[in-house]
2 protein chains.
Amino acid sequence: MLTERQRAILQAVVELYIRSAEPVGSRTIARLSGMRLSPATIRNEMADLEEMGYLEQPHTSAGRVPSHKGYRYYVDHLLLTESVNAEWVKALKARFHQRYAEIDETLRQTASLLSELTHYAVVALGPEVFTTRLVKLEFVPLGDGRAVAVLVTDSGHVEHKLVELPPQLSSEELRNLVEMVNAELKGTPVAALTQKIFQLLARVMESNREVYLRVQRFFEDLLAPSGETKLIVDGTREMLSLPEFRDVDRVRELLRLFEEGEPLFRVLRGAADGVRVHIGLEQDLGLDSPVSLVTTTVAFGSDLRTTIGIIGPTRMDYAKTVGLLSALSDIFDTWGEPGR
Amino acid sequence: MLTERQRAILQAVVELYIRSAEPVGSRTIARLSGMRLSPATIRNEMADLEEMGYLEQPHTSAGRVPSHKGYRYYVDHLLLTESVNAEWVKALKARFHQRYAEIDETLRQTASLLSELTHYAVVALGPEVFTTRLVKLEFVPLGDGRAVAVLVTDSGHVEHKLVELPPQLSSEELRNLVEMVNAELKGTPVAALTQKIFQLLARVMESNREVYLRVQRFFEDLLAPSGETKLIVDGTREMLSLPEFRDVDRVRELLRLFEEGEPLFRVLRGAADGVRVHIGLEQDLGLDSPVSLVTTTVAFGSDLRTTIGIIGPTRMDYAKTVGLLSALSDIFDTWGEPGR
DNA sequence: GTTAGCACTCTCTATATCCGAGTGCTAACA
DNA sequence: TGTTAGCACTCGGATATAGAGAGTGCTAAC
């Protein structure tokens, strides 16, 4: 259990370190924090805090730096979430008021704005479309045995794919089939589509087993999630001005992380609902540089959900970041209700 | 006019500098190049080459480095284009044999492969769709006054956009309109589409001036090139291992360039047909780091054209890069003929 | 419990020094 | 006349050294 004074000192260390990126000494705290205490006293407390694992010393005779445990305590008990600038909230909301935009695009723009506001990098899971529903499936023949298949969902999302038509299937038959799919499966959640189509096919085509198999394969290909969920990344550039990334090797690592995506996927997928602070992800992400991630998992209306994360140095400005993502969550929540 | 020996020396300087990134001294050339000459003789020649502007000295008592003029001469007169690894050609061709893929995707994959092969960054202009033709225009109503407009071209390209339906237009009327567009304008080049639609509208709706204007505005919006041509970028990461980018500031510049796009657009758009070598683009691109660009402008069949460029340090491996892009051009050319 | 004082530690910066690679020039050589 | 050996000179980069500054822990006094 920490005393009131220890908490105050821990808070001061964290906040000063966040601002300066330099180890914080007892002098500095004595001067800048309101406490009427001498450096010596603060030194004693800091020694205790270190022993308890909240602070670390890069080397003897340097100031202190928060440990992961220290950050954790700070975030969980000492953080006063900043109420977000009204200006910013307005800017965020603006992203949603242009209803023309596709969800993907909205998300991309949000990411871009967030990185601009925080000066950190932003990652977002492309929205999962599991629960969106089919509005229309269409084939547009191109004339040389190929066609474009276009699939429109009720969220306004469009998937399209160039397909080779199975030669066994006359264009007449295909047209009938598609008409039937549209008539009978409109409103079906996209996730269940493949299965439903198979059932439909089985019913219609039981006569001709061989063609059935071909056509089944064909739809299977068509509906296979085209390139698994995308990762949206923005603001890589912002990270480069941080002292943590003064070294090009660090930058290279970071770019690799963003290009590769896999480790980020894992972390984002694993993030619990609401705004969460993940401190010290360097191991999980395979980086040498100390980074933290603040995530929020939000729902777009009742159909879609996505996770947005802000990646910064471990000494990132948690107050601002958490505040911003909370505000964003609220906007998402209230936005889902009226229309979509 | 350069003597045979001077050309040999210039070539040696360029090639050694490309390999080592270090200024090249007379000793090195005497040792490594086949010429049976002493360093002293080579020094004399190098002094002459410097006076003629082909070489530069970073400082007295360093070796020589090629000037832009030197590179130019090398590329224009001394370059033996490497015949490309059969393996690579195969890999490139493979990108085109999956006819399912959309052009955009093909291009993206090609860029990715090129950057992997060269270890430089690759930029490509999203293909210009000016000459592709309309195959089908479709509106899929979503039910709350919005609809998805889907436009399919004969190259298999799909554009889609969420639109708000003009309330003055009944869905009945819209359906008729779209049907008419499809019936009458199928095969129209996309570039001419807006104008054609206006003519059609004018003919059909002359009775109701006010609605006409609304609907015109609506189509205008719809067909406005959605977000000007895209820039495809890949392989930024590769650049980071080059000594030219050991400094983070340089990296930051580079990332900004790729994010911003505008200067790159200008250069790529301005590139003449065929394989071209642009030496020393640092001014044009607003960089401090010395970079060159090798471009090729290729046609996809008769309909589309695009420019692909490889950006590397000015001391990039021109032989390899030019060879690779030549091979790519050939593949594009022969590929355009059969099907599409 | 708090604080002043002090010796000590360690990093960082600036300065001096040295080494090596490379040059230009001169004079000798074929 | 072109080529080469020799040599003094230059300059950047690496290495060593000293000193400043910031911060600590500990002791002893308040």
Side-chain angles (χ1 to χ4, degrees), chain A residues 1-10 12-17 19-67 70 243-244 246-247, chain B residues 1-10 12-17 19-67 70 243-244 246-247:
Chain A
M1 207 53 240
L2 297 185
T3 67
E4 196 52 46
R5 198 164 73 184
Q6 282 171 329
R7 297 160 133 248
I9 290 175
L10 176 56
V13 172
V14 173
E15 286 175 0
L16 287 170
Y17 184 62
R19 278 224 284 284
S20 69
E22 299 286 325
V24 181
S26 51
R27 256 188 100 72
T28 322
I29 292 187
R31 246 188 310 118
L32 292 185
S33 76
M35 300 169 265
R36 295 249 157 276
L37 289 174
S38 76
T41 310
I42 294 183
R43 274 206 290 283
N44 289 330
E45 295 286 25
M46 293 212 296
D48 290 349
L49 283 168
E50 181 170 1
E51 204 166 351
M52 290 187 276
Y54 293 101
L55 296 181
E56 285 171 353
Q57 242 177 335
H59 55 268
T60 7
S61 97
R64 255 73 170 206
V65 160
S67 66
E244 278 83 355
R246 209 171 304 160
D247 180 0
Chain B
M1 209 52 242
L2 297 184
T3 67
E4 196 53 45
R5 198 164 72 184
Q6 283 170 330
R7 298 160 133 248
I9 289 175
L10 176 57
V13 172
V14 173
E15 286 175 359
L16 288 171
Y17 184 62
R19 279 223 285 283
S20 69
E22 300 286 327
V24 182
S26 52
R27 258 188 97 74
T28 322
I29 292 187
R31 246 186 312 119
L32 292 184
S33 75
M35 298 169 264
R36 295 248 157 275
L37 290 173
S38 76
T41 311
I42 294 182
R43 275 205 291 283
N44 289 330
E45 296 285 26
M46 293 213 296
D48 291 349
L49 282 169
E50 181 169 1
E51 204 165 352
M52 289 187 277
Y54 293 101
L55 295 181
E56 285 170 354
Q57 242 176 335
H59 54 268
T60 8
S61 97
R64 256 70 171 209
V65 160
S67 66
E244 278 81 356
R246 209 170 305 159
D247 180 0

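A, B, ... follow the sequence lines: proteins, then strands. Residue 1 opens every chain. Note that these values count all heavy atoms, side chains included, but never hydrogens, waters or copies made by symmetry.
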_Atom CZ of B:R27: over 12 foreign heavy atoms under 6.0 Å_ = no

*Does atom CZ of A:R36 have more than 12 heavy-atom neighbours from other groups under 6.0 Å away?*
no

*Closest to the A:H59 side chain: C:dC10, D:dT4, C:dA4?*
C:dC10

*asked:* Can you measure B:L37 atom CG to C:dA30 atom P for me and round it to whole angstrom units?
replied: 17 Å

_Step-by-step side chain to side chain contact (heavy atoms under 4.5 Å, CB included) determination, A:I9 to A:I42_ = CA-CA 8 Å; A:I9 290 175; A:I42 294 183; 4.2 Å; yes

*Is A:E56 salt-bridged to A:R64, cutoff N-O under 4.0 Å?*
no

*asked:* Walk along nucleotides 13-30 of chain D from 5' to 3' and tag each nucleotide B, S or - by protein heavy-atom contact under 4.0 Å, base first, then sugar-phosphate.
replied: ----------BBBB----

_Determine whether A:L2 and A:M52 satisfy the following criterion, side chain to side chain contact (heavy atoms under 4.5 Å, CB included), listing intermediate values before the conclusion._
CA-CA 10 Å; A:L2 297 185; A:M52 290 187 276; 3.7 Å; yes

_Structure string for DNA chain D in dot-bracket form, Watson-Crick and G-U at under 3.5 Å, | interchain_ = ||||||||||||||||||||||||||||||

*CZ of A:R36 versus C1' of C:dA4: gap in Å, rounded?*
18 Å

*Report the distance from atom CD1 of B:I42 to atom C1' of D:dG2, rounded to the nearest whole Å.*
14 Å

*Tell me: CD of B:Q6 to P of D:dG2, nearest whole Å?*
12 Å

*A:I29 CD1 - C:dT3 P separation (whole Å)*: 14 Å

